[in-house]
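To start, the structure under review is shown below, and the notes come after it.
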Amino acid sequence: MFLAARRVVEDAVESALDALDLPADDLGIEEPPEDVDAILASSVAFRLAGEVGAAPPEVAADLAAEIDPADYEYVGDVTTQGPYLNFLPSNAYFGATLEAAQDDEYGRLDPKDVSVAVEHTSANPTGPVHVGRARNPIIGDALANVLDFAGYDVDRHYYVNDAGRQMAVFTWAYERFDEDELPEPERNRAEYDMVRYYRRGNTVLEDAPEDEVEQAEAEIQSIMQGLEDGDEATYDRVSEVVDTVLGGMQECLARLPADFDDFVKETRFMRDGSTDDLVDRLEDLEEAVYDDEAWQLELDDHGIEKNLVFLRSDGTSLYATRDLAHHEWKFENYDRAVTVLGEDHKLQAEQVRTTLELLGRDTERLDQVLYSYVNLPEGKMSTRDGTGIDLDDLLDEAIDRAREEVEDRLDGRLRNDNLDDADVERIAHQVGIGAVRYDIVSKQPAKAITFEWDRALDFEAQSAPYVQYVHARACGILGEAREAGHDVPDAGDLDADRLDVPEARRLLATIARFPAVIEGAAEDQHPHVVATYTREFADAFNAFYRECPVLDADADKRDERLALVAAARHTVGNALGVLGVAAPESM
RNA sequence: GGGCGUGUGGCCUAGCGGACAGGGCGAGAGGUUCCUAACCUCUCGAUCCCGGGUUCGAAUCCCGGCACGCCCGCCA
């Protein structure tokens, strides 16, 4: 409703300006502060004061006089507060919101018929996912959810770097060492099992006698050459390692949950010839130079000082070359592409964008979302060195702490719904993992995070459980109403006028904003604004909960309050769903 | 050295041109015969990094500093 109201208000301001013969290039539409009753406001009067030769409040009053609320369905009244033009919602606005939010898909926007590939995580398949990388799947998955909910056709991609030296080293190490010369795996899962070979391999390459290293390097070289030549046997050897490790990593990511529609392998673009084809076209570009026996792109005219080498002196391609072929593939198969990347890939991201532009691609269709790295207080995390905290360990710890919390609260519990062990376990998972996710997704990606256990696993206010609790409470009310024989009335039978308590109105007004929040989050690729919204929503719901009894309400108010709770449940449930945080029915 | 990003009460964070800078943590005081107290109410606490500028209006835009982070491989 808010989206519709905003259009209506824009119309109203525009025609008022028109009627007074004033320019309408900037309508100054904004959302007023919380303590103002209006749902929308305009500050045009400031800008027009000079032109009209009158003080802003006077201009605002003149404009207000030009607008007849009766002409606009969702506008109840237009008032001024000093220089501001305030638009108050009509009863129809509340009625339409209450009705629309009875739909359990409330907030989902109309299909846009636009396909988008969201690529995220894409961590090299070298071992367990660590916390340093956890921001990527969490932001990426939430972003994919946002876009899906906003009406896009979303495919979730994990780009697999299976062609580099790292994988050649891994393959050599896997074939070279025996299980019994390795330490016990930290966890009984594929990537923990496999990473032992990788770490051993790297240790040997660093510390072993020269001739042993030489021998190893020869083998690693031959694997890389095999991949470059498209040798099937080599490809199969590497694939075995890649697929095994990736399978384990996938299980870890699924815990978040973060699932993928497609694992797009880098070698695919070597094998299908698209990288070679791309190299030919790159060589034809004006910016291409053959320098030091390697083909490169001079991008300094495009604001990038660093040359981009796209063909080595030995004639082989680089990661960057294949990634360009990969991006061209996305451009051919999708209307839009979104990539979630760590800030350490920023330069590469700019090179990709610029080069695609040179190749004649419309880079407006590509969005690159960058986030800052998660560091430990003591420094960086690294898979190769085995430093850092595994994402699995973080999630386990989160669940353990949440379980403890649930058990502690069990005694003092007011509600007698007798949670059993399975409930405790379910809640521990929902709250524990939800808290980790919410903590990460609610922050602006650009800000650097230093990981601290206590901060990441704080279940107090402004965290996932605070919002989850609202959902559980709404479910509780609806459940008890059903048991008492009070069903939520049909959407068409509601009269929002009966929600006359300010707290109920404010909750409804908050519900009304949800689709606009989704739209904004999708447009800007900012999933964190959904998290901010859930917090405001929880405040509004808690105030309503405090002031408005539902089950014991007078008969003439109960139906609408029940419907409001149902609407609230859909809204907060869907918002949490978009964030990828579980919405418990009880906790 | 260059490029990009970040800098908001003791700590974390929202806001990113408009109405007194919102929250949370923390500290203190209260609230449960009533739909879950993982909640609510009240109090304490801010030179919005510093200095200039643009504007009727700047945390927000511009310029110059400072601090921190990331990047600057024929690695991925």
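Computed from a predicted structure; not experimentally measured. Heavy atoms only: backbone and side chains are in, while hydrogens, waters and symmetry mates are out. Throughout, protein chains are lettered first and strands after them, A, B, ... in sequence-line order, and every chain is numbered starting at 1.
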(message) Please compare A:C548 and A:S372 by the position of their nearest nucleotide in RNA chain B and report the one closer to 5'.
(response) A:S372
Between the protein and nucleotides 15-17 of chain B, list the N/O to N/O atom pairs that are separated by less than 3.5 angstrom.
unit_1, atom_1, unit_2, atom_2, d
B:rG15, OP1, A:H528, NE2, 3.3
B:rG15, OP2, A:Q444, NE2, 2.6
B:rC16, N4, A:Q444, NE2, 3.0

(message) I'd like the C1' distance from B:rG69 over to B:rC35, given in whole Å.
(response) 49 Å
(request) Can you tell me, in whole Å, how much space there is between the P of B:rA21 and that of B:rG45? (result) 14 Å
(request) Using a cut-off of strictly less than 4.0 Å, decide whether A:N542 has a side-chain nitrogen or oxygen near OP1 or OP2 of B:rC40. (result) yes
(request) Name every residue in residues 475-487 of chain A that has at least one heavy atom under 4.0 Å from any atom of RNA chain B, in order of residue number, or write none if there are no such residues. (result) A:I477, A:E480
(request) Decide yes or no, distance alone: a donor-acceptor N/O pair under 3.5 angstrom between the base of B:rA76 and the side-chain of A:Q348. (result) yes
(message) Regarding A:Q166, tell me which of base, sugar-phosphate or nothing describes its non-hydrogen contacts under 4.0 Å with the strands shown.
(response) sugar-phosphate
(request) Would you please classify the geometry between the A:F310 ring and the A:W295 ring as parallel, tilted or perpendicular, with 30° and 60° separating the classes? (result) tilted
Give me, pair by pair, the N or O atoms of the protein and of nucleotides 24-27 of chain B that are less than 3.5 Å apart, along with how far apart they are.
unit_1, atom_1, unit_2, atom_2, d
B:rG24, O4', A:Q462, NE2, 3.2
B:rG24, O2', A:A461, O, 3.2

(message) So if I take residues 51-59 of chain A and measure heavy-atom distances to RNA chain B, which residues fall below 4.0 Å?
(response) none
(request) Using heavy atoms and a sub-4.0 Å distance, could you list which residues of residues 307-318 of chain A are near RNA chain B? By number, please. (result) A:V309, A:R312, A:S313, A:L318
(request) Ignoring backbone atoms, establish whether A:Y319 has a side-chain N or O less than 4.0 Å from OP1 or OP2 of B:rA76. (result) no
(request) Write down the partner of B:rC68 under the Watson-Crick or G-U wobble criteria, each distance required to be under 3.5 Å. (result) B:rG5
(message) Strictly below 4.0 Å: does A:Y466 bring a side-chain N or O up to OP1 or OP2 of B:rA37?
(response) no
Produce the list of close N/O pairs, under 3.5 Å, pairing protein atoms with atoms of nucleotides 1-4 of chain B; give distances to one decimal.
unit_1, atom_1, unit_2, atom_2, d
B:rC4, O2', A:K346, NZ, 2.2

(message) Is the phosphate of B:rC35 approached by A:R473 (side-chain N or O, under 4.0 Å from OP1 or OP2)?
(response) no
(request) Quick one: label A:M587 by what it contacts on the DNA or RNA (base, sugar-phosphate, nothing), any heavy atom closer than 4.0 Å. (result) base
(message) Check whether A:Y466 forms a cation-pi arrangement with A:R535 (NZ or CZ under 6.0 Å from the six-membered ring centre, at most 45° off the ring normal).
(response) no
